[in-house]
Amino acid sequence: MKTETKSTVLVKHRLKQLKLPTMHSECEKLAARSAKENLDHLAYLLALCELELVDRERRAAERRLKAARFPSTKTLDEFDFAARPSLNKPLVLELVKGDWIDKRENLLLVGPSGTGKTHLAIALAMAACLAGRKVRFFRVTELITTLLEARDEKGLLRLRSQLAKQDVVVLDELGYVPASKAGAELLFDLVGQAYERQSLVVTTNLPFENWTEVLGSERLTGAALDRLTHRCHILEFTGQSYRLQDAQRRSRSKKQE
């Protein structure tokens, strides 16, 4: 059994004190490899630092993904562009690079239920997380409930402050449930606060002219759309629902059995 030298024990102790866990766990192994490859001390130190940086970014990315609270994991590789020929694929491939976030632009994903809007919104938001951006995902009904509860418990300013620190806020499924007057006003306040300060990603099954069904007031709807569409990319989805297609396939399979 190998016995650690006094120097090794002290180095590992210092690395632990400095909170460099990867360097702490890899220093001996890398030292042995560096000696075998006849690398000098600076090359060894550089390699050790690079390991720490790579692992630190991995851990930070995991924390950002957890903080975003995505309902599921979705990637662009899994998205079936062939099933959505109307979708602007070159634009999507450009958006995944994240320049729209630096420009504080919004994304509006519009189309019928089940056509992949949420999948694509999550995939783009996850790519942003992995690139170092702070993201928060909400279903719109969940967000409105959270805002109303925060208002009633006098925590609205704190919640707004937390949301303002995000680079991207995803608002999923706008249009499925009408908002109350108070809920619509709080949602509009969030849109107004985000305007030209951060990026919003909105998925909706409603054409813009029908947004009054959710927000109630034409004045409020017009003001919200004005801010959301001023600097934005609109992705239009058409076609049949994936879920409906899947149900039809299962039904046909059962009939054939």
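Note that the structure is predicted; figures quoted are calculated from it, not measured. In what follows, residues are counted from 1 in the order of the sequence shown. Just so you know, these numbers use all the heavy atoms, side chains as well, and skip hydrogens, waters and symmetry mates.
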**Student:** Any sub-3.5 Å donor-acceptor pair from Glu78's side-chain atoms to Thr75's backbone N or O?
**Tutor:**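 Present.
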**Student:** Where the side chain of Trp211 meets the backbone of Thr221, is there a donor-acceptor pair that is under 3.5 Å apart?
**Tutor:**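 Side chain of Trp211 to backbone of Thr221: no pair is present.
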**Student:** Relative to each other, are the rings of His230 and Tyr195 parallel, tilted or perpendicular (30° and 60° limits)?
**Tutor:** tilted
**Student:** Considering only NZ, NE, NH1 and NH2 on the basic side and carboxylate oxygens on the acidic side, decide whether Asp102 and Arg133 come within less than 4.0 Å.
**Tutor:** yes
**Student:** Closest heavy-atom contact between Val135 and Ala128?
**Tutor:** CG2-CB, 4.1 Å
**Student:** Under 3.5 Å, is there a donor-acceptor pair linking the side chains of Asp172 and Thr118?
**Tutor:** yes
**Student:** Between Glu62 and Arg56, is the closest basic N to carboxylate O distance under 4.0 Å?
**Tutor:**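 Salt bridge flag = no for Glu62 with Arg56.
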**Student:** Near Arg59 CZ, under 6.0 Å, is it more than 12 heavy atoms from other residues, nucleotides or ligands?
**Tutor:**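 Yes.
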**Student:** Tell me whether Lys117 contacts the main-chain N or O of Gly111 through its side chain, where contact means a donor paired with an acceptor under 3.5 Å.
**Tutor:**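 Present.
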**Student:** In a check of side chain to side chain contact (heavy atoms under 4.5 Å, CB included) between Leu171 and each of Ile144, Thr203, Leu228, Leu143, which one passes?
**Tutor:**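 Going through Ile144, Thr203, Leu228, Leu143 one by one, the side chain to side chain contact (heavy atoms under 4.5 Å, CB included) with Leu171 is satisfied by Leu143 alone.
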**Student:** Test side chain to side chain contact (heavy atoms under 4.5 Å, CB included) on Lys12 and Thr8; report intermediate values, then the result.
**Tutor:** CA-CA 6 Å; Lys12 293 181 77 171; Thr8 302; 4.0 Å; yes
**Student:** So, does Thr212 use its side chain to make a donor-acceptor pair with the main chain of Glu218 at under 3.5 Å?
**Tutor:**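 A pair under 3.5 Å: no.
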**Student:** With the threshold set at 4.0 Å, does a side-chain nitrogen-carboxylate oxygen contact exist between Arg227 and Glu196?
**Tutor:** no
**Student:** Counting C-beta onward and ignoring hydrogens, is there a side-chain heavy-atom pair between Val168 and Lys134 closer than 4.5 Å?
**Tutor:** no
**Student:** Is the CD atom of Gln162 crowded by more than 12 outside heavy atoms at less than 6.0 Å?
**Tutor:**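 Counting other residues, nucleotides and ligands, CD of Gln162 exceeds 12 neighbours.
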**Student:** With no hydrogens and no angle check, is any side-chain donor or acceptor of Glu52 less than 3.5 Å from a backbone partner on Thr22?
**Tutor:** yes
**Student:** Determine the minimum heavy-atom distance between Cys27 and Tyr44, stating which atoms define it.
**Tutor:**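 Looks like O-OH, 3.0 Å.
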**Student:** Can you name the nearest heavy-atom pair linking Arg197 to Gly192, along with the distance?
**Tutor:**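 Minimum heavy-atom separation between Arg197 and Gly192: NH1-O, 3.8 Å.
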**Student:** Between Asn106 and Val201, is there a donor-acceptor pair closer than 3.5 Å when you use the side chain of the first and the backbone of the second?
**Tutor:**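 Such a contact is absent between Asn106 side chain and Val201 backbone.
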**Student:** Answer yes or no: is there a donor N or O on one side and an acceptor on the other, between the side chain of Arg231 and the main chain of Thr229, under 3.5 Å?
**Tutor:**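 Between the backbone of Thr229 and the side chain of Arg231 there is no qualifying donor-acceptor contact (under 3.5 Å).
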**Student:** Is a side-chain donor or acceptor of Gln198 paired with a backbone partner of Leu163 at a separation under 3.5 angstrom?
**Tutor:** yes
**Student:** Would you say the side-chain atoms of Arg104 pair up with the backbone N or O of Ile101, donor to acceptor, closer than 3.5 Å?
**Tutor:**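 Present.
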